[in-house]
Amino acid sequence: MIKQMKMSRLWIIKLTLIVFLAAIISLAGYQLYTHRHFQVPLITGPGVTKVVKLSEYSPGIKGTMADTNVFFLEGSEEGGKILILANTHANEPAALLTALLFIENAVVDKGTMIIIPMFNNSAGRNTRPGDGYPLYFEIPTKWGSKKFRMGNRDASPLDQWPDPDVYVHYPDKQLLSFLDVRNTNRTWPGRAKGPLMERVTFGAMEIMRKENVDIAIDIHGAETMFPVTNCIVAPEKSMRIAVMTTLTVKSREHFDSHVEPSPSGFRGLSHREIGDYADTFPFLLEAPIPFLDQPTGPKTVDLLLDGKDPFLLSLSKKGKLFVPYDEEGWSMEKRVGQHCSVTLEIMSQYSKKNPDRTIRISSVPRYADVLKNGVGYYYHDPNKTDKKNIIYN
Ligand SMILES: [Zn+2]
């Protein structure tokens with residue numbers, strides 16, 4: 001009798017634990033499912049002339065989560081062409097915020113801008129629960145706030161799986177980390193029938209080859225403790241324009257963004273392979289993102305947006321960071337403002353040297369404007385926008 005009572009009590013404990021675990025798994029699963037399927041309204045501004053899918057250039061991604069929107073802003077006068085890539089790493093969101101600023105506001109007088117705001121769309125629907133990443137963040141605006149998914153560095157295993165033991169880069173056969181097979185800054189130049197992320201970078205290469213793109217800018221963010229931060233990474237062919245850009249923003253807009261040479265022996269990166277496999281001049285922009293540094297406090301939305309962290313502050317005082325860092329942190333406004341000005345200046349420097357391939361745009365804020373007004377000031381209210389001008393991504 002006693003034995004039976006003990007048995008039934010044990011079963012009650014087991015059942016309670018199973019129900020408890022099932023509840024946790026369902027709740028977490030529901031949160032991850034809604035995050036993966038949350039759609040951000042992207043508003044097409046006065047410059048946008050057409051929006052197509054990347055799968056038009058790389059049919060191998062059609063119908064997958066890797067497919068993404070490509071915005072064309074074609075000027076009234078013919079000229080040069082620029083491709084802007086954002087969210088190559090979807091946990092470096094200053095890139096996406098900058099790209100949307102261009103899509104919503106740019107007026108193109110001459111030449112064409114092609115913008116892919118969520119380049120690794122699968123990574124933008126992935127997260128890093130082990131690091132306590134927030135699932136969303138919001139940017140304050142005049143009309144409320146605009147909500148975004150916080151993504152991850154790599155594409156979701158739900159879209160590309162299993163990973164190999166090592167990633168053998170195509171076509172150089174360099175051995176890279178297994179994770180890099182889902183990292184769209186290691187899978188360049190890609191191939192039409194390779195792993196899904198190679199098909200994504202292949203699509204961008206096809207845009208550059210078929211549309212005769214002059215300049216490609218891949219926007220990123222990097223840790224303050226990483227030496228390649230707050231800079232423009234450029235291969236030999238882009239070096240002159242990168243140096244002129246650095247000097248000009250320093251003298252006219254009073255911020256630093258030094259030049260780093262693209263190493264020729266490290267394969268798979270946009271700033272290396274784009275230049276080698278297309279006639280395009282590549283540039284990769286890095287702005288400091290304290291959120292990604294390892295010795296920080298909790299990975300909160302505040303840290304993501306203002307970049308203020310006491311551990312980094314003490315490391316800065318010991319000279320361990322590669323950028324100046326004080327109580328002010330490194331705000332999202334500063335990062336987006338830098339990306340706007342550097343992108344505009346690269347276009348201007350290229351146009352000066354190649355007048356027949358000029359790209360001339362207006363109505364995009366520069367560094368000082370974004371610092372003064374904030375990023376959200378330049379976003380339009382989706383509720384007051386004609387539905388035909390809203391693209392969900
Ligand atoms: Zn990056």
Side-chain angles (χ1 to χ4, degrees), residues 66 68 83-100 115-128 131 133 137 148-156 160 167 169 176-177 179-190 197-198 200-201 204 216-235 238 242 257-263 266-275 282-294 296 299 303-305 307 321-323 330 332 334-336 338-340 342-343 346:
T68 191
L83 172 66
I84 297 177
L85 304 170
N87 267 24
T88 297
H89 292 147
N91 57 345
E92 298 161 11
L96 168 64
L97 302 184
T98 305
L100 296 192
I115 306 176
I116 311 181
M118 298 191 186
F119 184 53
N120 192 339
N121 192 33
S122 168
R125 296 164 188 281
N126 193 12
T127 183
R128 202 178 292 194
D131 280 2
Y133 270 30
F137 65 94
F148 295 91
R149 293 182 306 270
M150 175 65 179
N152 197 359
R153 182 177 172 86
D154 310 300
S156 169
Q160 183 181 310
Y167 171 42
H169 174 260
L176 300 172
S177 153
L179 258 183
D180 284 335
V181 74
R182 287 188 275 121
N183 174 354
T184 45
N185 200 24
R186 294 296 181 277
T187 57
W188 296 89
M197 293 306 116
E198 282 192 6
V200 170
T201 49
I217 298 187
D218 184 15
I219 309 179
H220 286 252
E223 296 88 336
T224 61
M225 294 186 76
F226 185 58
V228 185
T229 191
N230 209 31
C231 62
I232 308 169
V233 188
S238 308
S257 184
H258 71 277
V259 175
E260 286 281 342
S262 164
F266 189 4
R267 307 311 304 193
L269 295 112
S270 63
H271 51 76
R272 169 51 44 199
E273 309 293 355
I274 289 174
F283 302 86
L284 185 146
L285 314 190
E286 298 278 18
I289 167 170
F291 180 93
L292 291 187
D293 278 292
Q294 276 316 319
T296 67
K299 303 292 186 192
L303 175 59
L304 180 66
L305 297 183
L321 307 187
F322 286 90
V323 287
W330 204 290
M332 188 61 91
K334 221 170 146 174
R335 286 171 255 162
V336 172
Q338 283 190 202
H339 287 319
C340 285
V342 171
T343 301
I346 287 173

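Remember, it's a predicted structure, so these values are computed and weren't measured experimentally. For ligands, and for the atoms within them, numbers begin at 1 and follow the listed sequence. The figures here come from the full heavy-atom set of this structure, side chains too, leaving out hydrogens, waters and symmetry mates.
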Colleague: Holding to side-chain contact (heavy atoms from CB on, under 4.5 Å), I want the full list of residues that pass it with A155, two or more places apart in sequence or in another chain.
Modeller: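 Applying side-chain contact (heavy atoms from CB on, under 4.5 Å) to A155 gives N120, S122, R182, M197.
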Colleague: Is it true that the side chains of S262 and H271 contain a donor and an acceptor less than 3.5 Å apart?
Modeller: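 Yes, H271 and S262 have a side-chain donor paired with an acceptor closer than 3.5 Å.
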Colleague: Keeping waters out of it, list the protein N, O or S atoms under 2.8 Å from the Zn ion (ligand 1).
Modeller: H89 ND1, E92 OE1, E92 OE2, H220 ND1
Colleague: Taking the side chain as every heavy atom from C-beta outward, state whether F266 and R186 have any pair of such atoms under 4.5 Å apart.
Modeller: yes
Colleague: Indicate yes or no: at least one non-hydrogen side-chain atom of L304 is less than 4.5 angstrom from one of I289.
Modeller: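 They are in contact (side-chain heavy atoms under 4.5 Å apart), so the answer is yes.
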Colleague: Could you tell me whether a side-chain N or O of T88 sits under 3.5 Å from a main-chain N or O of N185, the two making a donor and an acceptor?
Modeller: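 Checking the backbone N and O of N185 against the side chain of T88, no donor-acceptor pair under 3.5 Å is found.
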Colleague: Using atom types as modelled and distance alone, determine if a side-chain donor or acceptor of Q160 lies under 3.5 Å from a backbone N or O of V181.
Modeller: yes
